[in-house]
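Convention: sequence-line order gives letters A, B, ...; per-chain numbering from 1. This structure is a prediction, so every number in the text was calculated from the model and none was measured.
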Amino acid sequence: MSYVFDEYDVVVIGAGHAGCEAALACARLSLSTIVFTVSIDSIALMPCNPNIGGTSKGHLVREIDALGGEMGKNIDKTYIQSRMLNLSKGPAVHSLRAQADKQEYSTAMRKVMENTPNLIIKQGEITEILTKDNKVIGVKSFSGAIYHCRAVIICSGTYLNARCIYGDTVHMTGPNGLQAALKLTDSLKSLGVEMFRFKTGTPARIDKRSIDFAKMEEQKGDEKITPFSFTNKPEDIKRDQVSCWLTYTTPRTHEIIRANIDRSPLFSGDIKGTGARYCPSIEDKVVRFADKDRHQVFIEPEGEYTNEMYISGMSSSLPEDVQIQMYRSVPGLENANIVRNAYAIEYDCINPAQLKPTLEFKNIEGLFSAGQFNGSSGYEEAAAQGLIAGINAAMKLLNREPVIIDRSQAYIGVLIDDLITKETKEPYRMMTSRAEYRLLLRQDNADLRLTKIGYKIGLIDEERYNSILKKELDIINEKKRLENVTVGASKEVQELLKSYNSAPLATATTLADLIKRPELNYEMLKSIDPDRKHLPDDVIEQVNINIKYEGYILRQLRQVEQHKKMENKKLPEDLDYNKISGLRIEARQKLEAFRPVSIGQASRISGVSPADISVLMVYLMQYNSKEDNKSRDNNKNG
Amino acid sequence: MNTDTIAAIATGLSTGGISIIRISGDKAFSVIDRIYRSRDGKKLLSKQKSHTIHYGHIVDDETIIDEVMVTVMRAPSTYTREDVIEINCHGGIVVTRKVLEAVLKQDIRLAEPGEFTKRAFLNGRIDLSQAEAVCDIINAKNDIALKNSLNQLKGRELEIIEEIRDNILRDIAFIEAALDDPEHISIDGFSGELLLKVNNYCQSINRLIDSSRKGRLLKEGIKTVILGKPNAGKSSLLNILVREDRAIVTDIAGTTRDTLEETICLNDITLNIIDTAGIRSTEDIVEKIGVDKAMRVAREAVLIIYVIDASTPLDENDEIIFSLTSDKKAILLLNKSDLPPRITVEDIKDKSGHPIVSTSFVEHKGIDELEQLIKEMFFKGDLTFNEDIYITNERHLEAFRNALKALNLVKESIENNMPEDFYSIDLMSAYEELGKILGKNVDEDLINMIFSEFCMGK
């Protein structure tokens with residue numbers, strides 16, 4: 001029996017990484033929000049790898065933080081090891097990654113959720129989205145309770161019609177044996193939503209006591225750590241760190257896999273979902289890269305107070321009896337005891353081309369979605385979308401302008417634009433190579449890029465806002481100063497240069513020009529720069545980067561200018577592409593299917609050529625002029 | 001919309017003696033100031049009133065290229081509603097090209113097909129009701145441009161471009177894979193290797209530029225066929241025309257040489273002259289093949305030079321040749337004027353409307369007259385060469401040059417010890433430039449390459 005239970009502004013379905021950010025954003029923007037989860041104990045669960053961040057994902061987390069999201073703060077509270085990857089490379093690809101204590105991470109997030117005003121957490125499965133005239137009016141739970149609302153954000157992760165598989169063992173559950181959601185897909189289909197089926201997988205967890213670490217290489221955390229959240233200073237969160245361990249597969253491992261490959265559901269055809277090329281199972285790697293005689297295996301702790309260790313690099317869906325042989329063929333794991341088996345998981349998600357850049361469905365007003373449900377992979381990608389979906393649901397209900405982050409502003413912008421523009425055929429993972437303006441989108445300047453936007457939305461407080469304004473000013477002033485202070489070819493200067501193997505000066509030059517030299521930096525010039533004021537480390541970092549890479553940065557800024565011009569040419573929502581005769585047929589079909597918001601977005605759809613874009617611009621011009629005339633006429637008549 | 005400055009030859013290249021090069025965009029004036037010199041060397045066109053015309057010279061590195069009239073037009077009363085400069089060149093085609101090259105050196109780009117029209121429309125210069133027509137122009141011009149682009153590249157050139165692109169993509173993929181998965185993939189020491197590779201790419205592209213320049217002369221020349229009965233003097237004519245000083249030696253492989261073909265330059269006019277087998281009805285199979293071929297190339301020719309032996313009477317073979325020239329531009333040479341004539345100008349005058357020149361190859365008579373006649377026909381616009389080939393070629397050269405520029409930036413980054421992630425930015429633009437020649441977009445190429453070549457991920 002169904003009955004009306006209650007009424008909220010926003011219903012969030014799912015309390016994973018996307019759901020938490022979405023619900024927190026809405027509640028913090030003063031909307032009454034209820035979040036449903038199949039298990040209260042699985043809030044912000046990390047069912048796969050025990051870390052947050054990594055290349056390009058670390059960027060996402062810092063961006064989430066700058067916009068006022070929670071993930072960065074939560075990992076800072078619960079990390080057990082922290083590293084900055086790619087430190088020998090350029091600043092654009094420095095990437096922060098932290099090992100999390102999974103249990104703690106989940107508990108800490110739950111605490112934040114439970115103590116946020118306007119936010120109700122409820123255990124239960126949502127089975128139906130209720131709409132009227134293509135507009136969301138509520139949801140219905142498994143028990144028949146109806147919750148009226150004005151917006152719904154679906155963050156169902158990998159739970160829709162989930163199926164966990166290893167060998168011929170199949171569990172009809174979500175990750176970690178949690179209850180799957182078996183009804184919502186049908187409700188969505190009946191609303192006309194196009195569904196995909198994707199798969200992903202996870203490796204086994206092994207008892208620490210059964211591992212021989214002497215046979216492995218130790219990997220320690222960084223001595224000098226960088227917090228994810230811009231609100232934390234390194235000393236605030238300093239702690240003793242735990243180690244990870246590196247070992248390798250052996251020819252014997254590969255033999256075992258090859259001998260049993262026909263028993264893998266990936267190869268037998270039992271798994272129909274599309275997996276990410278980024279996280280292939282070990283059997284995938286052995287088959288596809290047959291010439292490699294070994295693959296790396298990282299042993300990562302799942303937490304500080306557990307003996308479970310995550311075997312990174314060896315996700316699998318081979319049968320249990322093969323798994324144990326396989327893992328035990330790896331040096332250091334000869335006596336391994338498996339605590340949890342590796343498995344593959346298949347689940348329903350949507351074709352994200354159905355979404356607007358606000359993550360609202362194009363055809364169902366008030367229905368938003370985020371995370372793996374949108375065809376992405378990864379905790380960070382999920383959280384980023386959750387935050388944007390939450391913000392935009394709130395903006396809609398508050399009658400405010402939507403928040404659309406551009407590709408030139410943040411990885412978040414690249415992520416969402418790619419999801420809704422590219423034809424996603426596999427779980428989407430963020431990568432630095434996807435960001436064409438990555439020199440500008442660094443993890444070190446996420447605060448400078450986004451804090452002001454977060455403030456305008458209402459998720460960043462006055463204090464943080466003021467401190468970013470001050471930081472901006474400090475950077476500009478110090479850079480200007482360095483560009484104007486000249487040093488001559490004095491003995492002191494020449495000696496300093498010599499000590500860093502830098503060519504001596506022939507004529508006077510500015511400090512900025514010296515900083516540009518690859519072998520020098522801001523810190524090194526301290527002794528010949530007596531007027532230097534004491535500045536915070538993060539200001540110095542920005543000054544140094546901005547001077548050192550100025551040429552490259554300016555070039556990208558010019559490209560961004562061109563890009564923005566195209567993004568600002570908005571395409572009307574009701575455009576009938578089939579009527580634009582100049583477009584090639586393929587372009588017409590693609591444009592009709594994707595319905596891009598701007599000329600810029602249209603240009604990124606595969607199958608739309610530069611000539612099609614020219615035609616579209618010409619057509620748009622004619623269209624806009626007609627609309628202008630129409631509104632002029634209307635005004636006259638009115 | 002793009003507000004960068006563009007330039008192109010705005011008139012047909014070969015009609016009349018004058019060609020106009022149009023420059024449109026906000027840099028138009030600064031460009032012309034750098035390459036225009038007035039008689040006294042003091043006049044700056046950027047300081048002149050709109051819609052005025054000025055006499056002067058175009059210089060390239062201070063060398064005078066052409067005497068020109070330059071029209072100065074300021075936005076918005078121009079075709080594109082942007083600042084527009086039009087250079088009226090009258091030194092012929094070769095010079096016009098040199099002027100265009102001098103313009104393009106000033107860091108502006110060649111206009112895309114239909115781009116002046118597109119800008120005129122987008123800036124409100126062309127009536128909105130013409131939108132569809134404008135779309136059609138853009139589309140048609142782009143289609144033709146792409147077709148020409150691919151047609152003009154020889155198979156081997158296409159292969160080389162594909163190969164360089166593929167290698168560049170592989171380099172980027174390697175760098176990017178390592179940046180994305182530093183724990184599995186290391187690029188330590190790659191920069192040295194990459195420097196060598198980039199040098200190789202530059203060499204290959206330079207070779208492509210060379211062959212593209214030479215190939216252009218060969219391809220864009222006016223297709224000219226020498227016809228006549230056996231022993232009329234066809235080969236002698238070719239030998240005379242191909243004097244050392246104007247023969248162009250081409251070393252491009254793959255040129256079909258089963259009929260004898262030479263490229264010559266008469267002043268600025270390039271002719272591709274094909275000597276053919278003498279035409280007569282024959283039972284000899286080998287000879288018949290030659291005759292059929294001669295007739296086939298004659299049908300494709302733009303200009304036919306018909307050599308008639310004046311010392312032997314006309315016969316049915318001549319009738320065949322006359323019919324081949326009937327709907328073509330042709331010049332009749334009444335040769336062997338040194339021998340007692342059996343045919344006079346009057347005899348053949350009524351058979352066709354084509355001009356007739358009396359020649360003696362032995363005494364070297366009438367050759368100057370022939371050359372003069374060809375020049376006149378060309379400047380009157382009776383003879384045209386394939387303009388598309390020139391334009392396409394210029395586009396290829398531009399893409400090659402841009403790719404080189406990007407690769408040089410990669411070298412610079414390597415030499416300055418920049419980190420590896422900086423290399424891939426410029427490598428990518430080289431990849432994109434080469435793709436333009438093939439009409440290819442980049443899309444997911446890189447991501448696909450990364451995943452197919454490198455084993456990454458947890």
Side-chain angles (χ1 to χ4, degrees), chain A residues 48-49 55-56 85-86 88-93 95 203 219 246 276-280 285 288-289 292 295-296 298 312-313 315 422 429 431-434 436 438-439 518-519 549 552 555-556 562 565-566 569 580-584 604 606 609-612 614-615 617-619 621-622 625-626, chain B residues 1-4 112-115 118 121-122 124 128-132 134-139 141-143 145-146 172-173 175-184 187-188 409 413 416-422 424-425 428 436 439 441 443-444 446-448 450-452 454-458:
Chain A
C48 194
N49 50 313
T55 55
S56 75
L85 305 175
N86 275 335
S88 66
K89 312 293 188 299
V93 293
S95 296
Q219 288 212 312
L246 171 62
R277 286 174 294 178
Y278 190 84
C279 30
K285 293 196 223 179
R288 287 187 47 223
F289 297 92
K292 282 197 82 161
H295 293 275
Q296 278 165 311
F298 289 95
S312 175
S315 88
K422 301 238 155 87
R429 182 198 184 269
M431 297 168 79
T432 58
S433 52
R434 298 190 195 266
E436 60 274 51
R438 75 172 170 211
L439 276 184
E519 65 278 10
Y549 306 108
Y552 292 90
R555 259 168 61 205
Q556 290 224 316
Q562 288 296 329
K565 280 180 191 155
M566 303 301 264
K569 294 196 179 304
I580 306 177
S581 63
L583 292 173
R584 290 166 316 111
R604 291 188 291 276
S606 76
S609 74
D612 293 319
S614 290
V615 167
M617 281 165 74
V618 167
Y619 184 86
M621 168 103 181
Q622 189 194 30
S625 147
K626 272 186 196 157
Chain B
M1 83 155 292
N2 287 336
T3 49
D4 51 350
E112 285 160 22
E115 195 171 7
K118 179 175 120 188
F121 182 89
L122 291 178
L128 285 167
S129 62
Q130 305 287 314
E132 203 157 310
V134 173
C135 289
D136 288 346
I137 288 173
I138 292 169
N139 248 322
K141 289 205 173 184
N142 273 287
D143 283 353
L146 181 58
I172 307 172
I175 294 172
E176 293 301 319
L179 293 176
D180 251 309
D181 198 359
E183 289 174 312
H184 288 91
I187 40 170
D188 292 347
L409 287 172
S413 301
N416 286 335
N417 278 322
M418 298 299 286
E420 291 86 344
D421 49 311
F422 287 87
S424 50
I425 299 171
M428 196 35 130
K436 282 184 190 168
N441 290 341
D443 289 341
E444 292 284 88
L446 175 61
I447 304 291
N448 291 335
I450 290 176
F451 287 131
S452 69
F454 302 98
C455 177
M456 14 200 324
K458 60 185 185 193

Are any non-hydrogen side-chain atoms of [X] and [Y] less than 4.5 angstrom apart?
X: B:P182; Y: A:T55; result: yes
X: A:Q296; Y: B:D181; result: no
X: A:Y549; Y: B:M418; result: yes
X: B:I450; Y: A:R277; result: no

Q: Go through the steps to decide whether B:D180 and A:S433 satisfy the test side-chain contact (heavy atoms from CB on, under 4.5 Å), and finish with yes or no.
A: CA-CA 8 Å; B:D180 251 309; A:S433 52; 3.9 Å; yes
Does any backbone or side-chain atom of [X] lie under 4.5 Å from a heavy atom of chain A? Answer side chain, backbone, both or neither.
X: B:S413; result: both
X: B:I187; result: side chain
X: B:I425; result: side chain
X: B:A178; result: backbone

**Q.** Stepwise side-chain contact (heavy atoms from CB on, under 4.5 Å) check, B:L409 with A:R555
**A.** CA-CA 12 Å; B:L409 287 172; A:R555 259 168 61 205; 3.8 Å; yes
Q: Among A:K292, A:Q556, A:H295, A:R438, single out the residue with the greatest number of heavy-atom pairs under 4.5 Å to chain B.
A: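 Most heavy-atom pairs within the cutoff with chain B belong to A:R438.
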Q.
As a quick check of understanding, evaluate side-chain contact (heavy atoms from CB on, under 4.5 Å) for B:L446 and A:R434, giving each step before the final call.
A. CA-CA 9 Å; B:L446 175 61; A:R434 298 190 195 266; over 6 Å; no
Q) For A:Q219, is it the side chain, the backbone, both or neither that has a heavy atom under 4.5 Å from a heavy atom of chain B? A)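 For A:Q219, side-chain heavy atoms alone lie under 4.5 Å from chain B.
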(Q) For A:L439, which atoms come within 4.5 Å of any heavy atom of chain B: side chain, backbone, both, or neither? (A)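 It is the side chain, since no backbone atom gets that close.
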Q | Backbone N/O of A:G90 and side chain of B:D421: donor-acceptor pair under 3.5 Å | A |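 Here the side-chain-to-backbone pair exists.
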Q.
What verdict does the side-chain contact (heavy atoms from CB on, under 4.5 Å) test give for A:V93 and B:E420, after you've listed the backbone C-alpha separation in whole Å, the side-chain angles of each residue and the deciding distance to 0.1 Å?
A. CA-CA 10 Å; A:V93 293; B:E420 291 86 344; over 6 Å; no
Q: Taking salt bridge (charged side-chain N to carboxylate O under 4.0 Å, His left out) as the test, write out the residues that go with A:E436, two or more places apart.
A: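 Counting only residues at least two positions away or on another chain, A:E436 forms a salt bridge (charged side-chain N to carboxylate O under 4.0 Å, His left out) with A:R407.
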